[in-house]
Amino acid sequence: MKKLHFLYQMRLDLSQMVQDHHFLIRCIPMEDDNQKIEQFACQITPADTIDQVQDGFGNLGYAGAVRAPHDHLQIQAEGTVQVSGVFRRESLHPMYRFQSAYTVPGDGIRRFLKETEEELGRLPGDRSGLQFMMNRLSGRFVYVPGVTGVKTRAEEALTGGEGVCQDYAHIFISLCRLAGVPARYVAGMMTGEGQTHAWAEVWMDGGWYGFDPTNNRMVDETYIKLTHGRDFADGAVDKGCFLGFASQTQQIFVKVEETA
């Protein structure tokens, strides 16, 4: 078991005043047998209303609104979480067997899976096989920020050969589902400084194992889980809409460290 202290900061700057701004921030760590919140506090400014909400996937967050004209939104969440174990014993919802909007495979993903099967000598349907496939992906896809966006699909990202953690997760999930293995998208944080992170959870042996294809490693007790869903559309940490014609600049800072 590890005790992790985290800081999540997000600032959204707007090029001109906007109003009727509605937002959803899902920065509350999920709680289950593997993860327990010891301490948590969150500040959101400006905000006229803030309500804690839970969606159909079990993701917790804050839904709020800023009705008066404003040119920024700032969130800071801080807390301590106990993380124990790397296997989440949990039933399977059938939706995770099927491809979703971000993971629909094209020729590139189908070819990648076929080549993986040929090299491995079988479909990657167990833990060792999926680790083999993750290693292949790590060797053929390069982490490069700025070349993909939040709307980039798995097939498009793989064709380009470059992307970020969201793309790694979508490609890996698409490959898993194509191989007949249920998989879901996870957003959260890991030890160190940077931004929020994305990885995949794969269902086998009656529960979920975490795979981090961006770092080519299994998820362990140094990760904090915030959300899960079929893909990014379900698991995004923050989203919103407003009335106005402003452009947006978003800055995110995350720090996670082990504490006594």
Side-chain angles (χ1 to χ4, degrees), residues 4-32 35-81 93 95 100-102 145-146 148-153 164-166 169-170 184-189 193-199 224-256:
L4 304 178
H5 179 268
F6 73 90
L7 173 66
Y8 167 84
Q9 296 175 324
M10 191 279 279
R11 182 179 174 92
L12 182 68
D13 286 300
L14 303 155
S15 61
Q16 57 181 281
M17 292 291 186
V18 302
Q19 59 187 4
D20 244 3
H21 188 169
H22 295 265
F23 59 83
L24 173 62
I25 309 295
R26 293 187 286 204
C27 57
I28 306 172
M30 298 188 79
E31 287 199 280
D32 54 25
Q35 189 169 276
K36 302 293 183 185
I37 298 174
E38 278 197 356
Q39 180 185 356
F40 179 79
C42 182
Q43 291 183 325
I44 303 175
T45 56
D48 296 323
T49 61
I50 301 175
D51 296 298
Q52 185 170 319
V53 295
Q54 184 174 30
D55 65 19
F57 299 95
N59 304 319
L60 293 171
Y62 296 104
V66 190
R67 293 185 170 80
H70 60 286
D71 62 2
H72 74 280
L73 182 70
Q74 189 164 320
I75 294 97
Q76 176 167 308
E78 188 170 6
T80 303
V81 178
H93 193 289
M95 65 181 166
S100 52
Y102 279 86
T148 57
V150 295
K151 295 183 179 180
T152 303
R153 271 45 176 178
V164 293
C165 58
Q166 175 182 313
H170 282 150
R184 65 188 181 189
Y185 181 95
V186 179
M189 303 172 283
E193 294 185 4
Q195 299 193 350
T196 50
H197 190 43
W199 60 91
I224 297 175
K225 180 176 178 179
L226 295 176
T227 69
H228 65 224
R230 294 164 298 179
D231 53 33
F232 171 79
D234 299 330
V237 174
D238 59 84
K239 57 176 66 176
C241 61
F242 54 76
L243 290 179
F245 299 96
S247 59
Q248 307 174 50
T249 302
Q250 186 186 55
Q251 294 180 331
I252 297 174
F253 174 77
V254 170
K255 182 176 182 180
V256 179

Looking at every non-hydrogen atom in both residues, tell me the closest pair between [X] and [Y] and how far apart they are.
| X | Y | answer |
| --- | --- | --- |
| V81 | P29 | CG2-CG, 3.8 Å |
| Q52 | L60 | NE2-CD2, 4.1 Å |
| V164 | P145 | CG1-CA, 3.6 Å |
| G58 | M30 | O-CE, 3.8 Å |
| V18 | A246 | CG1-CB, 3.6 Å |
| V237 | A187 | CG2-CB, 3.9 Å |

Please enumerate all residues that pass side-chain hydrogen bond (donor to acceptor under 3.5 Å, both in side chains) together with [X], with sequence neighbours excluded.
| X | answer |
| --- | --- |
| T196 | none |
| D13 | R11 |
| D32 | R88 |

### Query
Does K239 have any salt bridge (Lys or Arg N to Asp or Glu O under 4.0 Å) partners at least two apart in sequence or in another chain, and if so, which?
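K239 satisfies salt bridge (Lys or Arg N to Asp or Glu O under 4.0 Å) with no other residue.
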#### Entry: Residue list, salt bridge (Lys or Arg N to Asp or Glu O under 4.0 Å) with D234, at least two apart or on another chain
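With sequence neighbours excluded, D234 shows a salt bridge (Lys or Arg N to Asp or Glu O under 4.0 Å) to R230, given in chain and number order.
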### Task
Not counting sequence neighbours, which residues clear side-chain contact (heavy atoms from CB on, under 4.5 Å) with E78? List them please.
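Applying side-chain contact (heavy atoms from CB on, under 4.5 Å) to E78 gives H5, L7, Q76.
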### Message
Which residues pass the side-chain contact (heavy atoms from CB on, under 4.5 Å) test with I75, not counting sequence neighbours?
### Response
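Scan of I75 (side-chain contact (heavy atoms from CB on, under 4.5 Å), adjacent residues dropped) gives Y8, M10, I25, C42, I44, L73.
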Residues two or more places apart in sequence or in another chain: which of them pass ring-ring contact (aromatic ring centres under 6.0 Å, His included) with [X]?
| X | result |
| --- | --- |
| F23 | none |
| H197 | W199 |
| F6 | none |

#### Entry: Aromatic plane relationship, H228 with F57 - under 30° parallel, 30 to 60° tilted, over 60° perpendicular
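Judged by the thresholds at 30° and 60°, the geometry between F57 and H228 is perpendicular.
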### Task
Hey, can you tell me if H170 and F232 have their rings parallel, tilted or perpendicular (30° and 60° cut-offs)?
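Plane angle over 60°, so perpendicular.
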#### Entry: Heavy atoms of other groups near K255 NZ, more than 12 under 6.0 Å
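Counting neighbours around NZ of K255, 12 or fewer heavy atoms of other residues, nucleotides or ligands fall under 6.0 Å, so no.
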### Task
Please answer whether the main-chain N or O of V150 pairs with a side-chain N or O of Q166 as donor and acceptor at a distance below 3.5 Å.
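Yes, the answer is positive, given that a donor and an acceptor are paired below the 3.5 Å cut-off.
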### Message
Just verifying a value: how many Å separate H22 NE2 and F242 CZ, rounded to the nearest 0.5 Å?
### Response
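Here the rounded value is 12.0 Å.
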### Task
Sequence neighbours left out, what pairs pass salt bridge (charged side-chain N to carboxylate O under 4.0 Å, His left out) with at least one residue falling in residues 39-65?
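Qualifying pairs, neighbours excluded: R26-D55.
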### Query
Applying side chain to side chain donor-acceptor pair (under 3.5 Å), which residue pairs with at least one partner in residues 241-251 are found, sequence neighbours left out?
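Residue pairs passing side chain to side chain donor-acceptor pair (under 3.5 Å), neighbours aside: S15-S247, D238-Q250.
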